[in-house]
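Inspection log for the structure reproduced underneath, given as C-alpha cells.
Here is how names work: the chains are called A, B, and so on, in the same order as the sequence lines, proteins then strands, and each is numbered from 1. Keep in mind that the numbers below use all heavy atoms, side chains included, and drop hydrogens, waters and symmetry copies.
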Amino acid sequence: MPSTYTLISSNVLSSSAASVTFSAIPSTYTDLMVRFSARLDRAVTDSTIQITTNVSGSVYSGIRLRGNGSTVSGAAQSGAASWEQNTINAATSQSNTFSSGELYIPSYLAATNKPASYFQVTEDNAGTAYILAIANLLSSTTAISSLSFGGYGFNFVSGSSFYLYGIKNS
Amino acid sequence: MPATYEPIATTTFSGSTSEVTFSSIAASWTDLRLTFVGTSASQALAIQFNSDTSTNYSKTVVRTDAGGPSSFRNSSLDRIIIASLNSTPLYVGTDIFSYASSSFKTVLIDEAQDQSGSGFVNRSVALWRSTSAITSIRLYGYSGSNITGTATLYGIKNA
C-alpha cells in the first residue's frame, strides 16, 4: 500500500515578500494541504491573510469561528475575491512570534464547488491571541492549479514558511 | 523514517447508496483519519464503530453559523454525527486516536460547511466508551438518503 501525504513544494522566505504562490500544482493527488508559519510587517498587532486560487471573481466565501481568550465570535464572508483569513501576527505583536495554520482542500480537481477547511492559531503572551476555524467554499467547478497567499498589501516577513502537500486516497 | 499516512480504503458514493462500512481494519497503525467530501439531501452523516448501536457515544461541539457561535454537548448517543449534509459540498475530517488501544476512544471532528453567506463551521470532540479495538467503521446518512461524494480512510503510524 503506497504512503501518501507528499511534499509538493515549499517556500521559506529569506526576505520579505508580498505573496507566496504555489503554481502548476500537479493533478496527481486527491486533496491538498498547506501548512504555514507566517507573520506580516503591517504596523499593527494582527492582520489578515488573503488566499486565492487560479479562479478569479466573486467566488470566495467562508464562515469563521474565532476565540481570543475572552470572547468567541462568528462572522461570514460571501461574494469575495479571496478567502480572507484573520488574524495572524503582525509587526507590533510579540517579537519572534509567527502564527501557525493549516488549509485543507479536498477534491481540488473535482468539477464541483469546493469546500475547504482552515485552522490557525496566533499567540503572543499578551492581549492579541486568537484561535480560529473557518469553513471556506470556492464556488467554481474549475480545478485548482495554483494557490496564493497574500498579506492584503503588506509583506510576509523573512522566516515565514509555507509547505504544500498532496494527499492521495489510493 | 518509515512511511506513514497510508490510504486504507476509499469509497465513492455515486448517489445510489446511503452508507458504507470500512471493515477488517487492521491494527497496523496508531491512528485513523476518515475524510469525506460530498452532498446529499438534508440529513446527518454519522459513524458507528464495530456495529455498536448502544448508547456508548458522546460529543461536545463548538460551532458558529451566521447567527453567531454556540457550544453544546450530547451524552449517551447511539452514534456520532460528524456532519450535516445538504446540497452544498461539505468537508469533514475525523481523527480517531489510538483506535487499537484498550482504553476509550477519542475522536476529533473538523466540519467545514460554508454555503456562501450561510452554513457553519464545527469543531467537535467525541468519545466511544469501549475498550475494544476498532475494526470497522460504519459511515451512513442518518435519514437513509443517498449520498454523492468520496470517503477515504487513512492509517497513520507514529513510528
Exercise. Checking heavy atoms, do the side chain of A:I105, its backbone, both or neither come under 4.5 Å from chain B?
Worked result: neither

For this session: Decide whether B:I137 and B:L45 are clustered together by the hydrophobic rule: side chain heavy atoms of Ile, Leu, Val, Met, Phe, Trp, Tyr closer than 4.5 Å, transitively.
Result: yes

Problem set entry | Option that, when pairs with chain B are counted at under 4.5 Å, heavy atom only, ranks first among A:S107, A:G79, A:G62 | A:G62

Problem set entry | Min side-chain heavy-atom separation B:V62-A:L65 under 4.5 Å | yes

For this session: Please check if A:Y165 and A:L109 belong to a single hydrophobic cluster, counting links between Ile, Leu, Val, Met, Phe, Trp and Tyr side chain heavy atoms closer than 4.5 Å.
Result: no

Seminar exercise, completed: Cut-off 4.5 Å, heavy atoms of chain B, and the answer for A:Y104 is side chain

Exercise. Are A:L103 and A:Y5 grouped together when hydrophobic residues (ILVMFWY) are joined by side-chain heavy atoms under 4.5 angstrom apart?
Worked result: no

Problem set entry | Residue part contacting chain B, namely of A:A76, when any heavy atom lies under 4.5 Å | side chain

For this session: Answer with side chain, backbone, both or neither: which region of B:T35 has an atom nearer than 4.5 Å to a non-hydrogen atom of chain A?
Result: side chain

For this session: Let me know if B:T88 has heavy atoms under 4.5 Å from chain A in its side chain, its backbone, both or neither.
Result: side chain

For this session: Could you look at B:V92 and say if it's the side chain, the backbone, both or neither that has a heavy atom under 4.5 Å from chain A?
Result: neither

Exercise. Side-chain contact, heavy-atom cut-off 4.5 Å: B:P89 with A:P115?
Worked result: yes

Seminar exercise, completed: Pair count under 4.5 Å, heavy atoms only, with chain B: among A:G67, A:A75, A:S73, A:A110, highest is A:S73

Problem set entry | Under 4.5 Å from a heavy atom of chain A, the part of B:T64 involved | both

Problem set entry | OG-CD distance between A:S61 and B:Q115, expressed to the nearest 0.5 angstrom | 9.5 Å

Exercise. With a 4.5 angstrom heavy-atom cut-off, which part of B:Y154 approaches chain A: side chain, backbone, both or neither?
Worked result: side chain

For this session: Could you look at A:S117 and say if it's the side chain, the backbone, both or neither that has a heavy atom under 4.5 Å from chain B?
Result: both

Problem set entry | Shortest non-hydrogen contact from B:A112 toward A:A135 | CA-CB, 3.5 Å

Problem set entry | Interchain contact, A:N169 with chain B, by part (heavy-atom threshold 4.5 Å) | both

Problem set entry | Region of A:A116 in contact with chain B, defined by heavy-atom distances below 4.5 Å | backbone

Seminar exercise, completed: Applying a strict 4.5 Å limit to non-hydrogen atoms, the region of A:K168 in contact with chain B is backbone

Exercise. Do B:L153 and B:F13 share a hydrophobic cluster, counting only Ile, Leu, Val, Met, Phe, Trp and Tyr and linking them when any side-chain heavy atoms are less than 4.5 Å apart?
Worked result: yes

For this session: Test side-chain contact (heavy atoms from CB on, under 4.5 Å) on B:R123 and A:F119 and set out the steps.
Result: CA-CA 10 Å; B:R123 289 291 188 279; A:F119 184 73; 3.8 Å; yes

Problem set entry | chain B contact via A:R66 - which portion, at a heavy-atom distance below 4.5 Å | neither

Exercise. Are A:Y130 and A:L40 connected, step by step, through hydrophobic side chains (Ile, Leu, Val, Met, Phe, Trp, Tyr) whose heavy atoms are closer than 4.5 Å?
Worked result: yes

For this session: Compare all side-chain heavy atoms of B:D114 with those of A:I63 and state whether any distance is below 4.5 angstrom.
Result: yes

